[in-house]
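Okay, structure first, notes after.
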Amino acid sequence: MINTKSLRADFPILSRKVHGKRLVYLDNAATTQKPMQVIQAVKSYYESHNSNVHRAVHKLSDEATEAYDEAHEKTASFISAGSYEEIVFTKNATEAINVVANDFSRKLKKGDEIVLTQMEHHSNLVPWFNAAKMTGAKIKYAEIDGNGELKMQQLRKIITKKTRLVAVTHASNVLGTINPVKEIAEIAHDKGALAMVDAAQSVPNMPVDVKKIGCDFLAFSAHKMLGPTGLGVLYGREELLENTEPLVFGGDMIKEVTFENASWNDLPWKFEAGTPNVAGAAGFSAAMDYLIKLGMGNVRKHELQLAKHAMKRLSEIRGVEIYGPQAEKRTGVISFNMKDVHPHDVSSILDSEGIAVRGGHHCAMPLMRLLGIQGSVRASFYVYNTMEEIDALIDALNKVKKIMKV
Amino acid sequence: MELAEDMYKEELLEHYKKPQNYGKIRNCDAKYHDFNPVCGDEIEVYIKIRNGSVKDIKFTGKGCAISQAAASIATESVKGKKVEEVKGISNESMLQLLPIKVSNLRVKCALLALKAIQKAIIKYEGTKLQ
């Protein structure tokens, strides 16, 4: 199990005060805080190894290149990919999805279909809108039920021979729902479609094995799992990446350039044009080391424990409505509303108590509309959160009721 | 930032719970629908203009206490004013009309209604020119 007491000492930011109160950081689905080990890795990269990668033959460049390449290898092993060639570093998870969507926007034809779900984040909706618009392909949606879970029967029905791709979130950033992505990938493959998984909310929170899932593409972000911002990951099966067109063109992504033409570099570099985020990669390696040491199974257990406690205590407050399934079926993400108080006002008052949550539509406006709400308050937990912090949240919510006179 | 109690003063909550000028105007001259994409505050203003002045104004909307109370206060304030004057109302003077001091993060909520009123008038003037 995770010992939060000793672990919290690794996170400098957790000891700061906000509006004179101790910071209670419950906005981890947006981004997580960074332990000293990650901050130190970035600092040490700039202090001792900074150089460009894959170019010069001097010592520094060699060290920087090694750190950068090693981060790819570590990522491959973290999600059980076949090799580093299947790991592309991007700016963020959004860009990773865009690499695939861009390729589809070149290959889809009128009459083809893409299947998404009603619980997708804008980042797994809008790139596909663009691909559909450019090709005349059609988008279909897998629906969710009253518990915020996918209606699997309906999903099976809409995946047909016309479907080229099924793109689905592994875990909803609003409802927390963990989707059966292995089963969905199988359904897609049975019909000859590819399966892409948005894993931005799952890789940080539970063991994820791309081979077991059997998906073709998977995207996630370093900053939601203790790593630096500005670094995302696209996993793709090697034979598919070989046939995927790059999204960005320029230096380092080429093999040979003439005045007329260029040929692409080997995987994964053909997708990584220009000077990449080397310091970010060094920090990301340290973040993965940190999580490996904790054990992703333990991370999942810890979050589940927090989610259970939070759901129990939240349901004790009159007028609080929680969205999504029971704790066992979700990550450490809980969205809720308080009767007669706008989520924005709830978050403002919580902020004045030093509690950081997110209030709003969480980049999932279609889902909000489906739930019949303008937005929600979202508390999301990570490895350093404690039961006491959840109790602090509950106390603050009772204060919200008092201030807003509801 | 101020204490939460100072931000949600009685006077503000009063405007939020019982807003002035809430509703629609049929056959209005100017209308504008705007929202704040960050938090989903939403507002629609309806204005009746006579002889270059705001003869009547109403709004509908959904959103946080600050955005909706500010709409109540803003519509109350521009009623009867010359449209030229309304177009010139600065952000600062709008914020001063509120019974509370708004934190930086909430300024957008507080200005949503004023911006919608000004955009409605500009749109109205644009269509008149055509």
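This is a predicted model, so every value here is computed, not measured. All chains are named by letter (A, B, ...) in the order of the sequence lines, taking the proteins before the strands, and each is independently numbered beginning at 1.
Taking CE of Met365(A) as the start and CZ of Phe35(B) as the end, the distance is 5.5 Å to the nearest 0.5 Å. How far NZ of Lys17(B) is from CG of Asp340(A): 7.5 Å, rounded to the nearest 0.5 Å.
Looking at every heavy atom in both residues, His344(A) comes nearest to Cys64(B) through CB-CB, 3.7 Å. When every heavy atom of Leu13(B) is checked against every heavy atom of Ile403(A), the shortest pair comes out as CD1-O, 3.4 Å.
The number of heavy atoms from other shown groups lying within 6.0 Å of NZ (Lys405(A)) is above 12. With a 6.0 Å radius and a threshold of 12 heavy atoms from other residues, nucleotides or ligands, Lys48(B) has its NZ atom above the threshold. Within a 6.0 Å radius of NZ in Lys119(B), other residues, nucleotides and ligands contribute more than 12 heavy atoms. The environment of Lys21(A) atom NZ is dense: over 12 non-hydrogen atoms of other residues, nucleotides or ligands sit within 6.0 angstrom. Residue Lys79(B) qualifies as enclosed at atom NZ: its count of foreign heavy atoms under 6.0 Å is above 12.
Between His342(A) and Asp41(B) the shortest side-chain heavy-atom distance falls below 4.5 Å. By the 4.5 Å heavy-atom criterion applied to side chains, Tyr16(B) and Met404(A) are counted as neighbours. A heavy-atom distance below 4.5 Å is found between the side chains of Asp345(A) and Arg106(B). Two residues are said to be in side-chain contact when any heavy atoms from C-beta on lie closer than 4.5 Å; Ser348(A) and Met7(B) meet this criterion.
For a residue to count as touching a neighbouring chain, one of its non-hydrogen atoms must lie under 4.5 Å from one of that chain's; by this rule Gln68(B) does not touch chain A.
For residues 387-399 of chain A, heavy-atom neighbours of chain B at less than 4.5 Å comprise Lys399(A), sorted by residue number.
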